[in-house]
Amino acid sequence: MINAVRGTKDILPSEIPLWYFVEKTLHNVSNLFGFKEIRTPIFERTEVFLRSIGSETDIVNKEMYTFLDRGGDSITLRPEMTASVVRAIIQNNLLAENSILRLWYYGPLFRYERPQKGRLRQFHQYGAELIGSPEPEADVEIILLAKEIVERLGILNYKLLLNSIGNRTSRQRYKQELISYFEKYANSLSNDSQERLRKNPLRILDSKDERDLEIIKNCPKIYDYFDKESLEHYNKTKELLALNHIEFQETPHLVRGLDYYTHTVFEFQSPILGAQDSFGGGGRYNELFTEFGFKKEVAATGFALGIERILLILESQQKTLPNGSPLVYIAFNKPEFISKVFETAYFLRKHDIPTLFDVQKKSLKAQMKEANKYGVKFVIIFGDDEINNNTITIKDMKKSEQTTYPFEKGIEIILNSKSANEDN
RNA sequence: GCGAGCUUAGCUCAGUUGGGAGAGCAUCAGAUUGUGGCUCUGAGGGUCACGGGUUCGAGCCCCGUAGCUCGCCCCA
């Protein structure tokens, strides 16, 4: 037996209704906020991600699906989408005609990691980017969009964590202070954190190690190193969130894993997800466009949601949706009646009536069983009597009642029942 | 990259000092020969992950391999 590769999975028919529900919600809310969809290729030149994500991040160092194509170019399956979107904006010159862009995206991403609960090698994200505004209003609009989706999906017991990591100069100053602080305790830090001290000291703040936590408790606070711009941006953001009655938890140690963030960062968490409790997150990335070599700075802010993690949450909340049933099953008695069956099915389908019938030469009884299993509303029965008299027997499966009509009349009844059935 | 646990029928699992491979659900077929759901009867389906070893004998003990799951790192 050949299995799907590690960390990938099939989305089976029984799961599709929930996916549709989530996708429909994403479309609707994006639309409500005036965001337009953008679709980019699922692979890019490796350079796109090297520039944006940060060369010291784990994503770049050990998680990318990178290969040389037949032309010798280094190609990478996208591990996130913001970089692709920025590349597409620049390449297509989308900022020439708009000073601001409201974009959303949805699709599969790839990261080479050990799979575990809520973590796959191919997974899906929805994301939205508000590009062209440095104002806190934009950050808040993004958070409002995220929250509206989360609420409409019916996710319970989630938390919104908020922090700011300031602008570049503030962060540089803070980073220096952090390094000199942690160096004093370098020998007491966990191995992971000693590594972080070299590569990305900010991430020590996010450690779960108990020894680290003890040391982190008294470390310098980032807010003390903010310059005027950073402080004002952060305060204004919090103020606007309060204005919108958004509850959040200020989390000074919230540091996200991608290097391109500035100022606002935030994360949505759910307790049911276990070790990976974050199902969405984002923040501001004012420096990403210049990283790409764009001629001027473009302020931007955005977020992404992990679809599989959202589905885990919804499943834990027993959220299920019915799989749509065909309306009509045509059962018949003798193989030679098949021409009548095809003819009737053709007509009904032309009139948008979902119709199916047996293609295994099953007994009438077995056909009824199958009809029942599919949950159809009506079974049309063609037996000897119906064929000989040009009639049609319609059985209402719910009421368990059946009536024989002249053929034309019976068909009319089916057509008329469609509108009444449409709300499921 | 590191650590732990699991792997018996399509699915969920039971298998008690190592000696008969089982249940429920699902599937299929019957229960006055045109008709589903409930009930009853019956049937099919397993090299007990794979490969070695110990033993008269292994699903059960030992070693190895693979797969899955969970955790660390990191992230959605």
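Here the structure is a predicted model, which means the values were calculated and not measured. Just so we're on the same page: letters track the sequence lines, and every chain starts at 1. Basis for what follows: all heavy atoms, side chains included, without hydrogens, waters or symmetry-related copies.
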What integer distance in Å separates [X]:[atom1] from [N]:[atom2]?
X        : N      : atom1 : atom2 : value
A/Phe110 : B/rA76 : CZ    : P     : 16 Å
A/Glu336 : B/rG34 : CD    : C1'   : 13 Å
A/Met368 : B/rG37 : CE    : P     : 9 Å
A/His253 : B/rC74 : NE2   : C1'   : 16 Å
A/Leu273 : B/rG71 : CG    : C1'   : 15 Å
A/Leu364 : B/rG36 : CG    : C1'   : 10 Å
A/Met64  : B/rC74 : CE    : P     : 18 Å
A/Phe378 : B/rG37 : CZ    : P     : 20 Å

By the 4.0 Å heavy-atom rule, please label [X] as base, sugar-phosphate, or nothing.
X        : result
A/Gln402 : base
A/Gly306 : sugar-phosphate
A/Glu386 : base
A/Gly127 : nothing
A/Tyr329 : nothing
A/Asp385 : base
A/Glu195 : nothing
A/Leu120 : base
A/Ser400 : base

Check whether A/Asp396 reaches the backbone of A/Ser400 with its side chain - one donor and one acceptor, N or O, closer than 3.5 Å.
no
Would you check if the side chain of A/Arg349 reaches a backbone N or O of A/Thr355 as a donor-acceptor pair within less than 3.5 Å?
yes
Can you tell me the pairing partner of B/rG36 across any strand shown, Watson-Crick or G-U wobble, with both distances under 3.5 angstrom?
none
According to the Watson-Crick and G-U wobble definitions, with both distances under 3.5 Å, which nucleotide is paired to B/rC28?
B/rG42
Atom [atom1], compared across [N] and [M]: separation rounded to whole Å:
N      : M      : atom1 : result
B/rG42 : B/rU16 : C1'   : 31 Å
B/rG53 : B/rC70 : C1'   : 31 Å
B/rC68 : B/rU8  : C1'   : 16 Å
B/rG37 : B/rC25 : P     : 15 Å
B/rG59 : B/rG15 : C1'   : 8 Å
B/rG46 : B/rG10 : P     : 8 Å
B/rG44 : B/rC72 : P     : 48 Å
B/rU55 : B/rU65 : C1'   : 23 Å

Under 4.0 Å from OP1 or OP2 of B/rG71: is there any side-chain N or O of A/Gln116 that close?
yes
Respond yes when some side-chain nitrogen or oxygen of A/Arg114 is under 4.0 Å from OP1 or OP2 of B/rC74, and no when none is.
no
No-H, no-angle donor-acceptor pair, A/Glu113 side chain to B/rA76 base, under 3.5 Å:
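When only heavy-atom distances are counted, A/Glu113 does reach the base of B/rA76 through a donor-acceptor pair under 3.5 Å.
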Whether the side chain of A/Asn372 and the base of B/rG36 hold a donor-acceptor pair under 3.5 Å is what I'd like checked.
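Between B/rG36 and A/Asn372, which were checked side chain against base, a qualifying N/O pair under 3.5 Å is present.
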Any chance the rings of [X] and [Y] have centres within less than 6.0 Å?
X        : Y        : answer
A/Phe226 : A/Tyr223 : yes
A/Tyr65  : A/Tyr112 : yes
A/Tyr181 : A/Tyr185 : yes
A/Phe357 : A/Phe342 : yes

Test log, rule ring pair (Phe, Tyr, Trp, His ring centres under 6.0 Å), inputs A/Phe43 and A/Phe110
CA-CA 10 Å; A/Phe43 54 84; A/Phe110 307 85; 9.7 Å; no
A/Lys373 vs A/Ile381, nearer the 5' end of RNA chain B by closest nucleotide:
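Nearer the 5' end of the strand: A/Lys373.
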Return whichever of A/Arg119 or A/Lys365 has its heavy-atom-nearest nucleotide of RNA chain B closer to the 5' end.
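Its nucleotide being nearer the 5' end, the pick is A/Lys365.
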Between A/Phe123 and B/rA76, do the rings stack, that is, sit under 5.5 Å apart with planes less than 30° off each other?
yes
